[in-house]
Peer 1: 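Have a look at this one.
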Amino acid sequence: MATLIDTRNVGPFSVRTYAMWEHMHLSDCFDYDEDELLDLANKINDGSLEWFMARVEVRLDGIELGEAYLSGCLYDSFEDFATGNDYHGDMIQEAIDDAKLNLTRLVELSQTLAA
């Protein structure tokens, strides 16, 4: 199940960011001792921290053309991720670049099929 955490328009594209359940263990991302990891896990469990995988999707006229993922996101809130760091902006750019590449491929394919 995904939670929508941000929507915006970038040029002609509709961009949506989702937070999804993170299956990775904290120790796979952080080089902390057991007590520090347990403290983080407790904060995640009590809702004072968010632990998630982020997914950005880019659509044009309702058609999904690009996406980007980032695992191991640990933030005070989803809003902090969406508004307060460069990772989100980088993901948006990556997904838009993916969308442009896929759109170019579709145009080329369309021209090939029309020939």
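Model, not experiment: these values are computed from the prediction.
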Peer 1: Can you name the nearest heavy-atom pair linking His88 to Thr17, along with the distance?
Peer 2: NE2-OG1, 2.6 Å
Peer 1: Is Leu101 isolated, or which residues cluster with it under the ILVMFWY side-chain rule of less than 4.5 Å, directly or via members?
Peer 2: none
Peer 1: Please report the closest heavy-atom contact between Ala54 and Met91, naming both atoms and the distance.
Peer 2: O-CE, 3.5 Å
Peer 1: Is there a path of hydrophobic side-chain contacts, each under 4.5 Å between heavy atoms of I/L/V/M/F/W/Y residues, joining Leu26 to Leu49?
Peer 2: yes
Peer 1: side-chain contact (heavy atoms from CB on, under 4.5 Å) for Asp80 and Ser77? Distances and angles first, verdict last.
Peer 2: CA-CA 5 Å; Asp80 283 351; Ser77 67; 3.4 Å; yes
Peer 1: For Tyr32, check ring-ring contact (aromatic ring centres under 6.0 Å, His included) against everything at least two apart and list the hits.
Peer 2: Phe30
Peer 1: Tell me the closest heavy-atom pair linking Leu60 and Pro12, and the distance in Å.
Peer 2: CD1-O, 3.3 Å
Peer 1: How are the rings of Phe81 and Tyr75 set relative to one another: parallel (under 30°), tilted (30 to 60°) or perpendicular (over 60°)?
Peer 2: perpendicular
Peer 1: Look at atom CG of Asn9 and say whether more than 12 heavy atoms of other residues, nucleotides or ligands are closer to it than 6.0 Å.
Peer 2: yes
Peer 1: One pair to check against side-chain contact (heavy atoms from CB on, under 4.5 Å): Val58 and Leu65. What are the steps and the verdict?
Peer 2: CA-CA 6 Å; Val58 172; Leu65 293 172; 5.5 Å; no
Peer 1: Taking Phe52 as the fixed residue, which of Trp21, Tyr69, Phe78, Tyr18 is the one that meets the ring pair (Phe, Tyr, Trp, His ring centres under 6.0 Å) rule?
Peer 2: Phe78
Peer 1: Between Asp35 and Asp39, does a side-chain contact (heavy atoms from CB on, under 4.5 Å) hold up when you go through it step by step?
Peer 2: CA-CA 6 Å; Asp35 290 336; Asp39 183 51; over 6 Å; no
Peer 1: Treating Ile, Leu, Val, Met, Phe, Trp and Tyr as nodes and any side-chain heavy-atom pair under 4.5 angstrom as an edge, say whether Leu38 and Leu74 lie in one connected cluster.
Peer 2: no
Peer 1: Distance from Leu109 atom CG to Asn102 atom CG, nearest 0.5 Å?
Peer 2: 11.5 Å
Peer 1: Is Glu22 reaching over with its side chain to a backbone N or O of Gly72, donor-acceptor style, under 3.5 angstrom?
Peer 2: yes
Peer 1: Go through the structure and list residues passing side chain to side chain donor-acceptor pair (under 3.5 Å) with Asp97, not counting sequence neighbours.
Peer 2: Gln93
Peer 1: When rounded to the nearest 0.5 angstrom, what distance separates CE in Met20 from CD1 in Ile5?
Peer 2: 11.0 Å
Peer 1: To the nearest 0.5 Å, how far apart are CG in Leu37 and CG in Asn42?
Peer 2: 11.0 Å
Peer 1: Could you tell me which non-hydrogen atom of Met24 sits nearest to which non-hydrogen atom of Ser71, and how far apart they are?
Peer 2: CE-CB, 3.5 Å
Peer 1: Spell out, yes or no, whether Met53 and Leu40 are grouped together once hydrophobic residues are joined by side-chain heavy atoms under 4.5 Å, including indirect joins.
Peer 2: no
Peer 1: Using a 6.0 Å cut-off, check whether atom CG of Asp28 has over 12 heavy atoms from anything other than its own residue.
Peer 2: yes
Peer 1: Would you find more than 12 non-hydrogen atoms of other residues, nucleotides or ligands less than 6.0 Å from Asp86 atom CG?
Peer 2: no
Peer 1: Within the distance-only criterion (no hydrogens, no angle test), does the side chain of Thr112 pair as donor or acceptor with the backbone N or O of Glu108 below 3.5 angstrom?
Peer 2: yes
Peer 1: What heavy-atom pair brings Arg8 and Ala82 nearest, and what distance separates the two atoms?
Peer 2: NH2-O, 3.5 Å
Peer 1: In Å and rounded to the nearest 0.5 Å, what is the CD to CD distance from Glu67 to Glu94?
Peer 2: 9.5 Å
Peer 1: Taking all atoms of both residues into account, what is the closest heavy-atom pair of Gly66 and Asp98, and its distance?
Peer 2: CA-OD2, 3.2 Å
Peer 1: Verify, without hydrogens or angle tests, whether Glu36 (side chain) and Asp33 (backbone) share a donor-acceptor contact under 3.5 angstrom.
Peer 2: yes
Peer 1: Between Ile63 and Val10, is there a shared hydrophobic cluster once you connect ILVMFWY residues whose side-chain heavy atoms come closer than 4.5 Å?
Peer 2: yes
